[in-house]
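Reading through the structure tokens given below for one structure.
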Amino acid sequence: MKLSARAAFFVLAIVLCAPAFAAETTPFERRVNDLIGIWFAAPPGKGAGRVFRVTNVKSADPASASIVAYYGYAHGAWHEASDVAVRPEGDRVRVEFTSRSDSRVVLHLDADNTLRGAVDTASGKRISLGFAHTSLPEVHRWAAEHPLPKVRANKSSTIDLVYLSAADCPSCRGWEAENIASGKLKGSPEWASIRFTEVSRISFKGRLAASDVPEHFRPAFERLEKARSSALYGTPSFVVLVNGEIRCASFGSGNYESLVFPTVQAAVREKLADAKN
């Protein structure tokens with residue numbers, strides 16, 4: 001049967017509109033999408049900041065959702081959450097998951113897009129959490145300026161910046177052009193207060209051994225190796241040490257700008273401030 005031009009137009013319109021109808025989402029599904037991004041809980045006093053990061057909504061229906069999320073301390077690695085359950089709870093979205101340390105975390109995304117909840121630690125302690133939607137540079141800035149007590153610098157501290165490079169790493173050459181001249185750091189007064197060490201390997205695909213690194217970096221290297229830190233597996237990578245303790249370890253030129261250099265600046269400020277007292 002041959003369709004008239006008018007009938008064919010209506011059939012085409014229905015076909016084109018069908019995906020729009022299929023893609024229509026429920027209020028719960030839209031709220032789940034509001035979870036995507038980085039959330040940061042700033043602790044009271046000198047407590048440890050926590051990060052909750054949602055990278056993907058794998059699926060969602062009116063009764064539940066499946067997400068990919070990471071959780072951890074601002075100063076450390078963020079590990080993928082397990083046993084994640086997301087479901088509507090009145091006008092809120094409830095998110096429940098288990099952290100790598102076996103703590104159970106329950107969070108609620110409220111109607112005003114605030115994220116609050118609590119973590120029940122494996123030791124039985126309950127800690128209230130209030131998260132704010134933020135960005136990675138903001139988390140990095142907080143971590144740089146709020147060090148753990150054991151890595152806060154004082155007037156007698158040795159501050160190390162260890163740079164891990166590779167001969168076949170184009171990004172390393174770019175970073176070096178911006179930051180190194182004649183084997184020394186350039187362009188910032190902070191460098192006068194730190195010790196700079198470069199550790200290079202033939203290829204970024206290769207692996208470093210403890211025997212490949214200077215003695216003053218070896219204990220930290222072994223700790224990073226045990227933790228399978230990304231700082232040892234990519235280039236360019238950077239490790240900031242205060243009295244041999246790891247203050248931060250990160251991979252990539254972008255993280256150098258947002259985390260590593262601000263950490264060096266903060267440590268130097270601490271050292272100089274203590275020297276004045």
Any sub-3.5 Å donor-acceptor pair from [X]'s side-chain atoms to [Y]'s backbone N or O?
X	Y	result
Thr26	Glu29	yes
Asp160	Phe196	no
Asn179	Glu176	no
Thr98	Asp102	no
Lys155	Lys276	no
Ser229	Ala231	yes
Arg247	Ala144	yes
Thr134	Glu138	no

Less than 4.5 Å apart, side chain to side chain, heavy atoms only: is that true for [X] and [Y]?
X	Y	value
Asn255	His140	yes
Val199	Pro214	yes
Phe131	Leu107	yes
His108	Val93	no
Arg50	Tyr73	yes
Arg53	Tyr71	no
Ser250	Ser237	no
Ser165	Arg201	no

Practice task
State yes or no: are the ring centers of Phe238 and Trp175 separated by less than 6.0 Å?
Solution key: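 Judged by ring-centre distance (under 6.0 Å), Phe238 and Trp175 do meet the cut-off.
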Exercise for the section: Please find out if less than 6.0 Å separates the ring center of Trp78 from that of Phe52. Expected result: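 No; Phe52 has its ring centre 6.0 Å or more from that of Trp78.
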Give me the atom names and distance for the closest heavy-atom approach of [X] to [Y].
X	Y	result
Ile246	Val151	O-CG1, 3.6 Å
Pro88	Phe28	N-CE1, 3.3 Å
Ala81	Phe97	CB-CD1, 3.4 Å
Asp168	Ser203	OD2-OG, 2.9 Å
Thr114	Asp112	OG1-OD1, 2.7 Å
Val242	Ala153	CG1-CA, 4.0 Å

Less than 4.0 Å between a side-chain N and a carboxylate O, is that true for [Y] and [X]?
X	Y	value
Arg218	Glu215	no
Asp110	Arg116	yes
Glu178	Arg173	no
Glu96	Arg94	yes

Using the rule that Ile, Leu, Val, Met, Phe, Trp and Tyr join whenever any side-chain heavy atoms are under 4.5 Å apart, tell me whether [X] and [Y] fall into a single cluster.
X	Y	answer
Val162	Ile194	no
Val268	Tyr163	yes
Val260	Val139	no
Leu109	Val86	yes
Leu232	Tyr256	no

Distance check, rounded to the nearest 0.5 Å: [X] atom [atom1] versus [Y] atom [atom2]?
X	Y	atom1	atom2	answer
Glu270	Ser193	CD	OG	12.0 Å
Arg152	Asn243	CZ	CG	13.5 Å
Leu224	Leu208	CG	CG	11.0 Å
Ser200	Asp212	OG	CG	10.5 Å
Lys271	Ser157	NZ	OG	6.5 Å
Ile159	Trp191	CD1	CH2	10.5 Å

Practice task
Dump the intermediate steps for side-chain contact (heavy atoms from CB on, under 4.5 Å) on Tyr70 and Thr55, then the final yes or no.
Solution key: CA-CA 8 Å; Tyr70 295 81; Thr55 59; 3.9 Å; yes
Practice task
Report the C-alpha separation of His75 and Leu148 in whole Å, then their side-chain angles, then the decisive distance to 0.1 Å, and conclude whether the side-chain contact (heavy atoms from CB on, under 4.5 Å) test is met.
Solution key: CA-CA 8 Å; His75 293 103; Leu148 298 174; 3.9 Å; yes
Practice task
Begin from the C-alpha positions of Gln265 and Glu145 and carry the test side-chain contact (heavy atoms from CB on, under 4.5 Å) through to its verdict.
Solution key: CA-CA 9 Å; Gln265 289 179 307; Glu145 296 177 355; over 6 Å; no
Exercise for the section: Kindly indicate, with the supporting measurements, whether the criterion salt bridge (Lys or Arg N to Asp or Glu O under 4.0 Å) is fulfilled by Arg104 and Asp120. Expected result: CA-CA 5 Å; Arg104 195 63 182 167; Asp120 291 314; over 6 Å; no
Problem - Lys125 atom NZ: more than 12 heavy-atom contacts under 6.0 Å - result: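 No, NZ of Lys125 has 12 or fewer neighbouring heavy atoms, counting only those of other groups under 6.0 Å.
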Practice task
May I have the step-by-step check of side-chain contact (heavy atoms from CB on, under 4.5 Å) for Ser188 and Phe261, ending in yes or no?
Solution key: CA-CA 10 Å; Ser188 176; Phe261 185 47; 3.6 Å; yes
Problem - Test item: side-chain donor near acceptor, His216 and Thr197, under 3.5 Å - result: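 Yes.
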Exercise for the section: For the residue pair Trp142 and His146, categorise the inter-ring angle as parallel (less than 30°), tilted (30 to 60°) or perpendicular (more than 60°). Expected result: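 Ring orientation, 0 to 90° scale: parallel.
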